[in-house]
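For reference, the structure discussed in these notes is given below.
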Amino acid sequence: TFHTKALVIATGGLGRVYKTTSNGAVATGDGFALAIDAEIPLMDMEFIQFHPTGFYGLGVLVTEAARGQGAVLRNKDGERFMEKYAPKIKDLAPRDLVSRAILTETQEGRGIDGEDYVHLDLTHIDPTIIKENLSEINELSKNFMGIDPTQEPIPVAPTCHYVMGGIPTDENGRVIDEEPLKGLYAVGESACVSIHGSNRLGCNSLIDLVVFGKRTGKSVSNYIKEAEWPEEPETNDFLKEHIEEDGEEKVHEIRFELQSMMTEKCSIFRTGEDMKKALEILNTLKDSYGKIGITNKEKVHNYELKEKLELGNLLKVAEVIIHSALARIESRGAHYRNDYPEGDDENWLKHTLIKQNDEISIEYKPVTITRFKPEERKY
Ligand SMILES: Cc1cc2nc3c(=O)[nH]c(=O)nc-3n(C[C@H](O)[C@H](O)[C@H](O)COP(=O)(O)OP(=O)(O)OC[C@H]3O[C@@H](n4cnc5c(N)ncnc54)[C@H](O)[C@@H]3O)c2cc1C
């Protein structure tokens with residue numbers, strides 16, 4: 001238990017909810033879970049961005065810079081398939097569209113060797129340009145995949161990259177639950193100031209961090225100068241409870257099942273039927289979570305315990321993603337429903353606010369439109 005005047009949640013994203021992610025191992029959604037436990041709403045959690053080009057099987061990112069320099073995506077027939085999906089801008093189409101195109105190709109049997117990946121082809125680009133302008137991709141490709149991208153195409157598949165939703169804040173990082181909450185702040189990917197809408201553009205996360213990081217820092221520093229110390233909270237031995245639980249279930253097995261289920265049923269393509277099934281599976285995984293036994297009974301440097309707690313957070317976060325996505329019966333940005341493929345501004349131009357009290361409850365609030373009016377996307 002910490003006694004503090006102010007708390008800033010800055011724990012980053014939640015990529016580990018999915019089987020493949022560009023995020024680090026720390027992206028287990030801890031900050032979101034903290035908010036869920038505190039019965040604070042999370043906003044727009046259905047909007048999860050998949051980056052189209054992760055190294056196949058690893059998820060490590062191959063940035064857009066490669067396609068910016070002329071790399072193209074090809075299916076098993078060598079076809080430059082993005083010409084079909086975005087005739088004007090082809091391989092440079094937005095992340096959601098390219099991710100769906102790759103999945104469509106592989107699901108229709110045009111993946112490489114019939115598998116669920118395609119090729120990112122740089123072999124026609126001058127090797128000097130690859131070495132000078134794409135040096136990171138050149139190195140990563142050799143180190144992670146054993147592939148020299150000047151000679152061979154890189155196997156790629158979509159990878160979970162970013163969450164547009166998060167803990168709702170105002171422009172000074174103050175967490176909002178109808179009104180700003182005293183002393184509670186969130187910033188970065190765990191926050192949702194909502195400048196990325198339903199589909200973040202490349203590079204805008206770092207701008208978000210710089211701008212709202214500074215604003216939040218100033219706002220916290222002003223607040224703690226004035227604020228009284230709150231009463232000291234009661235402590236409870238939360239870790240003891242987890243350490244003492246006995247059971248046969250294993251963290252890694254439940255985590256693998258969760259990640260597989262989320263990837264299959266609530267990722268790039270979504271349907272109501274799949275997501276209802278996902279909730280059923282999630283309930284069985286939550287039951288299994290309650291039966292996890294850990295062998296290490298130490299309270300410090302206990303990685304087994306840490307993994308268990310992180311899995312608990314992943315389960316909570318997965319649940320709010322599925323509920324938010326199931327409720328939004330339209331397609332918008334990174335949220336694509338095969339059963340509702342069109343956008344529906346009349347009914348759905350609104351933010352989702354999801355809260356877990358005894359049960360999950362969802363409310364909506366209007367989107368503030370300023371300079372740019374929503375338009376149909378055409379590529
Ligand atoms: C490979 C990759 C490339 C990217 N490239 C770009 C780009 O070019 N441009 C762009 O704008 N965006 C990019 N992004 C997105 C952007 O980097 C992230 O959205 C951003 O870094 C998130 O910053 P953050 O500070 O919110 O979270 P993070 O940088 O993830 O930091 C969160 C911190 O919280 C810590 N933490 C987590 N849980 C706990 C806990 N329970 N207790 C204590 N500490 C905890 C973590 O260890 C970590 O240090 C990229 C992302 C990836 C993965």
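One-based numbering, in listed order, for ligands and for the atoms of each.
Scanning both residues, Gly70 and His124, for their nearest heavy atoms gives O-NE2, 2.9 Å. Of all non-hydrogen atoms in Thr20 and Leu58, the two that sit nearest each other are CG2-C, 4.1 Å.
Protein residues with a heavy atom closer than 4.0 Å to ligand 1 are Ala10, Thr11, Gly12, Ser22, Asn23, Val26, Asp30, Leu61, His161, Tyr162, Gly188, Glu189, Arg200, Cys203, Asn204, Ser205, Leu206, Leu209, listed by chain and number.
Considering only residues two or more places apart in sequence or on other chains, Asn172 meets the side-chain hydrogen bond (donor to acceptor under 3.5 Å, both in side chains) condition with Arg215.
Between Lys306 and Glu310, at least one side-chain nitrogen of the basic residue sits less than 4.0 Å from a carboxylate oxygen of the acidic one, meeting the salt-bridge criterion.
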Inset, instruction - Give the C-alpha distance, both sets of side-chain angles, the deciding distance and a yes or no for side chain to side chain contact (heavy atoms under 4.5 Å, CB included) between Leu349 and Ile369. - result: CA-CA 10 Å; Leu349 189 56; Ile369 305 286; 4.1 Å; yes

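In this structure, the side chain of Ser22 does not engage the main chain of Leu61 through any donor-acceptor pair within 3.5 Å.
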